[in-house]
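This report concerns only the one structure given below.
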Amino acid sequence: MTTTAVALVGLAATSASASPWHHSRYHRPAPAPSSSASTTQPTQPTSSAPSVPTSTPSATSSPSTPAAPPTSTSAPAPSSSSSTSAPSSAGPQGIAGSWRNVFSDSFANDSALDTTKWSTGWNASGITRPPNWSENDCYDPAQVSVTGGTLNLTAIQKAVNCGEAKDYTSGLVNTNGKFNFTYGAMEARIYLPAGSDGKIANWPAFWADGQNWPTDGETDVMEGLTGDACYHFHSTAGGPGGCASGNYTGWHTYGADWEPGSVTYYYDGVKVGQITTGITSVPQYLILNNAVGGYGGTTLAPSTMKVDYVKVWQH
């Protein structure tokens, strides 16, 4: 199967700096699996990414060396990288309205992953391919653990073949087939390690995806792009988004309010941006992963992305 190149474009953002490429967590079709790959294949589509306008100034940039996102002066910086407060029982941080909780996992009393809520890997069993083949990792259930009241997704340097040879293995969890939703507020409190440059290491992400990409949409609540905390919404209309200013290593809370025609993003309860283009209206499921390589920051392995809780509310 041929490889679909990553298309780079300049994107306008609201209340945050513009992200310099048309980027998606899920992007490339899978190649034919090798004998060491899982026998259960992913359910994600094999169609290529939507076409990209050629008039954008960064359309000719090389996908292997994307420019770092510019520093924003309009999005609020986090107060610190220390632990942030737990959310109010009334609803998500910073998002007004009347809410009812429809999904919650705080990992507080668990000694293992709750498999009634979560699956490991990318929509297959065992060691699986990454959502985006530009990652330099495969996903192994052994890299997912629940200890000390947190979900732990640990990246290590270990060569594995999951359809392509990769230098690292890491952890990914998702709710596909167990929980999905249309509209509502999603929120997670996450610890992100710092790389050698002091910014977010690797390519960690908290996101949601539909069954038919990009038609059903992809909500990137937070992903570490070249060390910055960024958000996007991908659909057949494109992938607008932006990056918040400041350093988001350590513990922070990331949320998004998905309403008809808009998604508004909140970091530590403060609005950092809103997208009103191409917003879809079909169910999506939750994903958390600690990717290595691709469009992430400084590679750090071993390193652990920790999750204190994940919650979803609806009106």
Side-chain angles (χ1 to χ4, degrees), residues 6 11 13 16-27 63 65-72 75-78 80-81 84 130-132 134-137 139 143 150-156 168 170-173 186-209 218-234 239 241-256 265-268 272-273 286-308 310:
V6 177
L11 301 173
S17 64
S19 176
W21 54 76
H22 178 88
H23 163 268
S24 173
R25 296 297 310 181
Y26 177 77
H27 182 84
T65 56
T71 302
S72 169
S80 69
S81 61
T84 56
N132 189 314
S134 68
E135 298 177 35
N136 191 18
D137 56 42
Y139 287 98
Q143 300 311 119
T150 64
L151 168 68
N152 308 299
L153 305 176
T154 302
I156 61 173
Y168 297 87
S170 193
L172 178 153
V173 296
M186 62 195 96
E187 181 178 283
R189 181 171 174 260
I190 300 170
Y191 173 89
L192 301 177
S196 59
D197 58 357
K199 302 176 72 175
I200 297 170
N202 302 328
W203 191 8
F206 168 41
W207 52 301
D209 199 18
E218 171 189 322
T219 309
D220 298 330
V221 182
M222 182 286 304
E223 58 178 323
L225 294 179
T226 62
D228 293 323
C230 304
Y231 59 87
H232 298 85
F233 192 94
H234 295 271
C243 299
S245 65
N247 190 316
Y248 280 88
T249 58
W251 284 105
H252 293 280
T253 300
Y254 304 95
Y265 298 84
Y266 297 82
Y267 290 179
D268 293 329
V272 295
L286 302 169
I287 308 134
L288 293 135
N289 65 307
N290 186 17
V292 180
Y295 302 101
T298 303
T299 295
L300 181 65
S303 65
T304 301
M305 169 185 173
K306 299 180 181 181
V307 184
D308 181 30
V310 184

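Computed over heavy atoms, backbone and side chain alike; hydrogens, waters and symmetry mates excluded.
L172 is listed as a side-chain neighbour of P131, based on a closest heavy-atom distance under 4.5 Å. The closest side-chain heavy-atom distance from M186 to T219 is below 4.5 Å. Residues D308 and W251 meet the side-chain proximity criterion, which asks for heavy atoms closer than 4.5 Å. Put simply, the side chain of P204 does not reach to within 4.5 Å of the side chain of I190, judged on heavy atoms.
Going from atom CD of Q143 over to atom CG of D137 covers 10.5 Å, rounded to the nearest 0.5 Å. Atom NZ of residue K306 and atom CG of residue L151 lie 11.5 Å apart, to the nearest 0.5 angstrom. The distance from atom OG1 of T253 to atom CD of E187, rounded to the nearest 0.5 Å, is 5.5 Å. Between the CG atom in L225 and the SG atom in C243 there is a gap of 5.5 Å [rounded to 0.5 Å]. Once rounded to the nearest 0.5 Å, the distance linking OG1 of T299 with CG of N136 reads 7.5 Å.
At distances below 3.5 Å, not a single donor-acceptor pair connects side-chain atoms of Y168 with backbone N or O atoms of P302. The main-chain N or O of H232 is found under 3.5 Å from a side-chain atom of Y265 such that the two form a donor-acceptor pair. Without hydrogens or angle criteria, N290 side chain to L153 main chain gives a donor-acceptor distance under 3.5 Å. No donor-acceptor distance shorter than 3.5 angstrom exists from the side chain of D220 to the backbone of Y231, with no hydrogens or angles considered. Judged by distance alone, the side chain of D228 and the main-chain N or O of C230 form no donor-acceptor pair under 3.5 Å.
Taking both residues in full, the closest heavy atoms of A205 and E223 are given as CB-CB, 3.8 Å, listed atom of the first, atom of the second, then distance. Residues A229 and I200 come closest through the heavy atom pair N-CD1, 3.8 Å. Nearest heavy-atom pair, L300 versus A201, reported as atom, atom and distance to 0.1 Å: CB-CB, 3.7 Å. Pairing each heavy atom of E135 with each of P130, the nearest pair is OE1-CB, 3.3 Å.
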Does the side-chain contact (heavy atoms from CB on, under 4.5 Å) test come out yes or no for H252 and L192, once each step is laid out?
-> CA-CA 8 Å; H252 293 280; L192 301 177; over 6 Å; no
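The closest side-chain donor-acceptor pair between N289 and W207 falls under 3.5 angstrom. A donor and an acceptor atom, one from each side chain of N152 and T154, are nowhere located under 3.5 Å apart.
A perpendicular orientation is assigned to the rings of W203 and Y295, their planes being inclined by more than 60° (bins at 30° and 60°).
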